[in-house]
Amino acid sequence: MYKVFVLFFIGLLMFSSCVDRVRGDLPVFSPVHFKEANPWGMVEIRRGAFRMGTPNDSVWGTVNDSMTVSIEAFWMDEHEVSNYMYRHFVNWVRDSLLREKLSEIESSFKTENRSTGKLVLNWKKPLPTHSKDPGIREILNQIYSVDPENGKRIVNANLLNYQYDWIDLERATQKRYSLRRRVLNTDVVLNEDEGVFMAMDSSYINEKGRIATIRINRRIKEYKDYFTRSVINIYPDTNCWKVDFNGEKNDMYLLMYFSSPAYLNYPVVGVSWEQANAFCHWRTRYHNIHSRCEIAPYRLPTEAEWEYAAKGGVKGNVNKKYPWKSHDMTNQKGQYFANFKPLKGNFPADKYLITAPIGSFPPNDLGVYDLVGNVAEWTSTAYFASGNKIMSTINATTEFNASESTPYLLKRKVVRGGSFKDVYNYVNVNLREWKYQNEQKSHIGFRCVRNIPGER
């Protein structure tokens, strides 16, 4: 009798569980709580709100409008992107170009991807940089040239082009609404076969080996049709050291700042906004190749995120001029808090004539270095004179992805922080500057951020 009762009870439980499945009941909570670990070399900036702008302070005679902005949590690089980091990018593009060309004469430079079945570059095969094979030597001579002064092999920077596909999410979202409009009147029948087209730029390498951009009007049928292709030459403009400073003998920086091991830990300069975005895309791609966990992409910070971090995050002060607590430029020992132009041009007063190695000055309260001074930094925000008047109060920014035919005036991006060449008035967490997105300057670098998914 006991056994019968047990079997009946088990059967009842099984029946009730079956009923639950039929009803479609689901557990309310997931048993797994995913929390991504802090990335190496990045600082967590917790979500919060702050007063963006300067309501009670003027910057060179102008007052920036102030408003309360709420910011989602994100990670930010502790330091500006260094020559060492950017050279990884340049070398990766160089080596991928070599492997692509070598695969045309030797198939082992490509291997099959197990998940997709497609042929991809074989990074495990060593490059035959000292081979005497005529075919290989011809390819090497295309990529490299010989410096007539010292006989060393130098890479042909004109060939270092990074190609990637990206999507303008704002335009794509608007276009998708036009493709599948929200029609409240149920008597109106949408024509799903109606042709919807989207104008976009697409870049490629032409027959002369140069980057060319064309305007295409693509028919939108599925999600992948929203993506466009960009080709960016990613080598920094080392000539910026001569162009930016007339009447100065800066030959050493032109020849050595990016290439010499002595400057590996200095911030990369001579990089445009377009090149900085290409680096962010490559950094995401590089991480996803070497990790099983897909991540939120690396990107440039918005202007609001940069100011939020510079002012100290949640505990920041709206009236702050500098990332540090004091309104002075030096501590009690007379040591400077940042690398800028002190004492009417006595640049070495802060120990450095030009840029300083990353992390040479104290970090702010969040542990982020060189937010002002050293080099100014690109943001993702498009520059408009109206500033934050046209921004939202949540994750504020203004984005505008200009096409090739867009008037040049609309290709301006916000630059923040001031640099080693600026006087103290410009080394300010509130000051807005701008540069054209294809400009390459000796005093402008960048750092990356990443969104933090979920609750922290």
Side-chain angles (χ1 to χ4, degrees), residues 50-54 56-64 66 76-82 240 244-245 266-269 300-301 303-313 316-379 381 383 387 413-435 439 441-447:
F50 79 113
R51 293 290 291 179
M52 183 179 179
T54 52
N56 301 316
D57 191 20
S58 62
V59 181
W60 287 93
T62 62
V63 177
N64 293 338
S66 174
M76 172 177 271
D77 280 338
E78 287 181 340
H79 309 101
E80 296 145 339
V81 172
S82 65
C240 63
D244 291 348
F245 303 101
Y266 284 67
V268 67
V269 297
L300 294 177
E303 179 184 12
E305 287 172 334
W306 188 95
E307 185 175 324
Y308 179 60
K311 288 183 174 179
N317 182 353
V318 67
N319 293 318
K320 245 186 175 182
K321 287 185 178 181
Y322 311 113
W324 49 89
K325 296 178 180 179
S326 171
H327 274 222
D328 297 324
M329 302 301 293
T330 60
N331 61 18
Q332 294 179 349
K333 297 180 180 180
Q335 298 170 330
Y336 284 90
F337 289 120
N339 180 19
F340 66 107
K341 180 182 178 180
L343 304 177
K344 298 182 179 180
N346 183 4
F347 285 90
D350 58 21
K351 297 184 179 180
Y352 300 98
L353 186 63
I354 55 166
T355 56
I358 56 176
S360 297
F361 294 86
N364 73 348
D365 293 340
L366 298 175
V368 186
Y369 294 82
D370 300 320
L371 280 163
V372 299
N374 215 20
V375 293
E377 299 177 13
W378 289 111
T379 73
T381 301
Y383 178 85
K413 305 299 180 184
V414 174
V415 176
R416 286 298 208 118
S419 71
F420 69 90
K421 75 174 186 61
D422 295 317
V423 295
Y424 73 95
N425 300 72
Y426 275 121
V427 182
N428 189 309
V429 299
N430 300 305
L431 183 66
R432 306 179 75 230
E433 296 182 90
W434 61 266
K435 288 289 183 285
E439 285 190 280
K441 295 293 184 178
S442 61
H443 52 88
I444 298 179
F446 69 101
R447 75 179 75 220

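Residues satisfying the salt bridge (Lys or Arg N to Asp or Glu O under 4.0 Å) test with Asp77, not counting sequence neighbours, are Arg283. With sequence neighbours left out, the side chain to side chain donor-acceptor pair (under 3.5 Å) criterion links Thr379 to no other residue. Legend: residues meeting ring-ring contact (aromatic ring centres under 6.0 Å, His included) with Phe420, ordered by chain and number and at least two apart, are absent. In this view, Tyr424 satisfies the ring-ring contact (aromatic ring centres under 6.0 Å, His included) rule with no residue, not counting sequence neighbours. In this structure, the salt bridge (Lys or Arg N to Asp or Glu O under 4.0 Å) partners of Glu439, at least two apart in sequence or on a different chain, are Lys441. Not counting sequence neighbours, the partners of Glu305 by the salt bridge (Lys or Arg N to Asp or Glu O under 4.0 Å) test are Arg299.
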| request: Tell me, with the steps shown, if Asn430 and Lys311 meet side chain to side chain donor-acceptor pair (under 3.5 Å). | output: CA-CA 9 Å; Asn430 300 305; Lys311 288 183 174 179; 3.0 Å; yes
| message | Is there a side chain to side chain contact (heavy atoms under 4.5 Å, CB included) between Trp306 and Leu300? Walk through the geometry before answering. | response | CA-CA 9 Å; Trp306 188 95; Leu300 294 177; over 6 Å; no
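Between Val415 and Ala376, the closest heavy-atom pair is CG1-CB, 3.5 Å. Taking all atoms of both residues into account, the shortest heavy-atom contact from Leu366 to Ala309 is CD1-O, 3.6 Å. Closest approach of Glu78 and Gly367 over heavy atoms only: CG-O, 4.1 Å.
Counting only distance, with no hydrogens or angles, the side chain of Asp328 and the backbone of Thr330 share no donor-acceptor pair below 3.5 Å. Under a 3.5 Å cut-off, the side chain of Asp350 and the backbone N or O of Tyr336 do not form any donor-acceptor pair. Side-chain atoms of Asp370 never come within 3.5 Å of backbone atoms of Ala338 as a donor-acceptor pair (strictly under, hydrogens ignored).
Just one residue in the list Asn374, Asp422, Thr355 forms a side-chain hydrogen bond (donor to acceptor under 3.5 Å, both in side chains) with Asn339, and that residue is Asn374. Across Phe337, Trp324, Tyr352, a single residue satisfies side-chain contact (heavy atoms from CB on, under 4.5 Å) together with Phe361, and that is Tyr352. When the options Glu377, Glu303, Glu80 are evaluated for a salt bridge (Lys or Arg N to Asp or Glu O under 4.0 Å) with Arg416, the one that passes is Glu303.
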